[in-house]
2 protein chains.
Amino acid sequence: MIELRHMQALRLWHDVSLSLVHDKSHDLTVRQITILLSIYLDPPPHTVRGLAAKLEVTKPVITRALDSMGIKGLVSRRRDERDRRNVIIQKTLEGSLYLERVGDIIIEKARGLPR
Amino acid sequence: MIELRHMQALRLWHDVSLSLVHDKSHDLTVRQITILLSIYLDPPPHTVRGLAAKLEVTKPVITRALDSMGIKGLVSRRRDERDRRNVIIQKTLEGSLYLERVGDIIIEKARGLPR
DNA sequence: TTAATTAGAAACGGTTCCGAAACTAAAACT
DNA sequence: AGTTTTAGTTTCGGAACCGTTTCTAATTAA
């Protein structure tokens with residue numbers, strides 16, 4: 001039998017996920033949102049290889065996720081001038097606004113939970 | 001500027017999502033996990049049309065998600081004998097165990113947050 | 001300066017998902 | 001009984017994603 005606090009945790013996950021599904025604007029995969037959150041929450045600089053190691057996926061997975069999210073304006077890329085093999089992944093205004101909305105949703109849904 | 005409680009909400013979402021990405025066992029999409037959680041948290045009976053309406057997606061999306069999760073043993077389907085047009089979607093032991101683990105992860109990551 | 005390493009992207013083939021439309025079967029209506 | 005409606009699935013063409021492998025460019029090592 002699942003306990004009450006388990007149910008509340010899962011209810012939160014459900015409610016926020018449902019809001020993300022309803023929000024047709026971006027439709028990110030779990031990997032993509034994890035990458036996006038890493039870029040916005042972890043200390044920079046962010047590189048393809050660093051994200052690949054963190055998520056335990058191959059580099060092409062990161063490259064393609066950045067392609068997709070770049071098209072949507074959620075992240076941008078810039079060559080590292082100190083070592084031009086590197087690509088520095090950067091935040092965008094659009095990405096910040098999107099995550100701010102996601103944060104609002106999480107807080108709102110958490111507030112609605114029984115305590 | 002993102003506030004502290006925003007950051008904590010997003011950090012929780014990040015940490016749990018990262019755990020889900022690391023967990024190679026099931027690899028569900030956001031839609032799939034939303035459907036799975038609906039089945040386990042909302043009062044039955046669960047039907048294709050009901051889930052489609054709730055998620056605001058077409059019925060084939062639900063059918064296919066149930067196909068995928070059925071193969072993984074996370075849900076099962078049964079004809080409604082009272083109205084044989086309906087399909088009743090049911091929980092499984094495997095699905096319960098999986099969501100119990102997800103609940104554990106959420107609670108664990110929430111505990112690790114600064115307060 | 002040439003060879004080896006490193007970072008990231010591109011190419012390849014396969015899988016999965018999508019929405020729209022067509023289809024099957026069961027129930028309800030007339 | 002025959003038509004219409006309802007529930008769910010299947011099919012279709014297209015898009016996105018996956019892992020592996022290959023490629024390009026930049027840096028480091030010999």
Side-chain angles (χ1 to χ4, degrees), chain A residues 17-18 20-39 42 44-90 98, chain B residues 17-18 20-36 38-39 42 44-90:
Chain A
S17 296
L18 182 59
L20 295 178
V21 170
H22 281 169
D23 175 23
K24 266 75 177 182
S25 62
H26 288 310
D27 191 30
L28 302 182
T29 67
V30 179
R31 285 184 178 184
Q32 286 172 347
I33 193 144
T34 305
I35 293 169
L36 188 62
L37 284 167
S38 293
I39 295 165
D42 293 345
H46 302 285
T47 62
V48 172
R49 90 184 169 290
L51 291 169
K54 180 178 166 183
L55 273 75
E56 298 176 4
V57 295
T58 57
K59 289 189 292 176
V61 168
I62 305 296
T63 295
R64 285 182 299 235
L66 294 176
D67 288 344
S68 307
M69 291 193 288
I71 290 170
K72 298 175 186 190
L74 298 173
V75 296
S76 69
R77 279 183 277 196
R78 173 175 63 76
R79 275 284 157 194
D80 180 356
E81 290 305 327
R82 291 151 37 91
D83 182 342
R84 292 185 44 76
R85 289 172 303 183
N86 292 340
V87 162
I88 306 295
I89 299 140
Q90 294 177 297
Y98 174 65
Chain B
S17 296
L18 181 60
L20 295 178
V21 170
H22 282 168
D23 175 24
K24 266 75 176 181
S25 61
H26 288 311
D27 190 29
L28 302 182
T29 67
V30 178
R31 285 183 179 186
Q32 287 172 349
I33 193 145
T34 305
I35 293 169
L36 188 63
S38 293
I39 294 166
D42 291 348
H46 302 285
T47 62
V48 172
R49 89 185 168 289
L51 291 168
K54 180 177 168 185
L55 273 75
E56 297 177 4
V57 295
T58 57
K59 288 188 294 175
V61 169
I62 304 296
T63 294
R64 285 180 300 234
L66 294 176
D67 289 344
S68 306
M69 291 193 289
I71 290 170
K72 297 175 187 189
L74 298 173
V75 297
S76 68
R77 278 183 278 197
R78 173 174 64 75
R79 275 283 159 195
D80 180 357
E81 290 304 327
R82 292 151 36 91
D83 182 342
R84 292 186 45 76
R85 288 173 302 182
N86 292 341
V87 162
I88 306 294
I89 299 140
Q90 295 176 297

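All chains are named by letter (A, B, ...) in the order of the sequence lines, taking the proteins before the strands, and each is independently numbered beginning at 1. Given the structure is predicted, the values throughout are model-derived calculations rather than measurements.
In this structure, Val21(B) and Leu55(A) approach most closely via the heavy-atom pair CG1-O, 3.9 Å. When all heavy atoms are compared, the tightest approach of Gln32(A) to Asp27(A) is OE1-O, 4.3 Å. Of all heavy-atom pairs spanning Ile33(A) and Ser17(B), the tightest one is CG2-OG, 4.4 Å. Residues His46(B) and Ile39(B) come closest through the heavy atom pair NE2-O, 3.1 Å.
As rounded to whole Å, 14 Å separates atom P of dT5(C) from atom NZ of Lys59(A). Computed from coordinates, the Glu56(B) CD to dC18(C) C1' distance equals 17 Å when rounded to whole Å. We find that CD1 of Ile88(B) is positioned 11 Å from P of dT9(D), with the value rounded to whole Å. The nearest whole Å value for the distance from the CD1 atom in Ile62(A) to the P atom in dG8(C) is 10 Å. Regarding Arg78(B), its CZ atom lies at a distance of 17 Å from the P atom of dA7(D), rounded to whole Å. Atom-to-atom, CG of Asp67(A) to P of dA15(D) comes out at 17 Å; the value is rounded to the nearest Å. In this entry the distance linking CG of Leu66(A) with P of dA16(D) reads 16 Å, nearest Å. Remark: P of dC17(C) and CG of Leu28(B) are 10 Å apart, rounded to the nearest angstrom.
Under 4.0 Å is where a charged nitrogen must lie from a carboxylate oxygen, and between Asp42(A) and Lys54(A) at least one such pair does. The pair Arg77(B)-Asp67(B) meets the salt-bridge criterion, since a charged nitrogen lies less than 4.0 angstrom from a carboxylate oxygen.
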Discussion item. Quick one, Arg31(B) with Thr29(B), criterion side chain to side chain donor-acceptor pair (under 3.5 Å). Give me CA distance, side-chain angles, the key distance, then yes/no.
Written reply: CA-CA 5 Å; Arg31(B) 285 183 179 186; Thr29(B) 67; over 6 Å; no
Practice prompt. Start with the C-alpha distance between Arg49(A) and Ile62(A), add both sets of side-chain angles, then the distance that settles side-chain contact (heavy atoms from CB on, under 4.5 Å), and finish with yes or no.
Written response: CA-CA 8 Å; Arg49(A) 90 184 169 290; Ile62(A) 305 296; over 6 Å; no
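Between Thr63(A) and dG8(C) there is no side-chain polar atom (N or O) within less than 4.0 angstrom of OP1 or OP2.
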Worksheet entry | Protein-to-nucleotide contact annotation, 5' to 3' order, nucleotides 17-22 of chain D [B base; S sugar-phosphate only; - none; under 4.0 Å, heavy atom] | SBBBB-
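The backbone N or O of Ile88(B) lies less than 3.5 Å from no partner atom in the side chain of Arg79(B), so there is not a single donor-acceptor pair.
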Could I get a table of every N or O pair under 3.5 Å where one atom is in the protein and the other is in nucleotides 25-30 of chain D?
from    : atom 1 : to       : atom 2 : distance (Å)
dT27(D) : OP1    : Arg84(A) : N      : 3.1

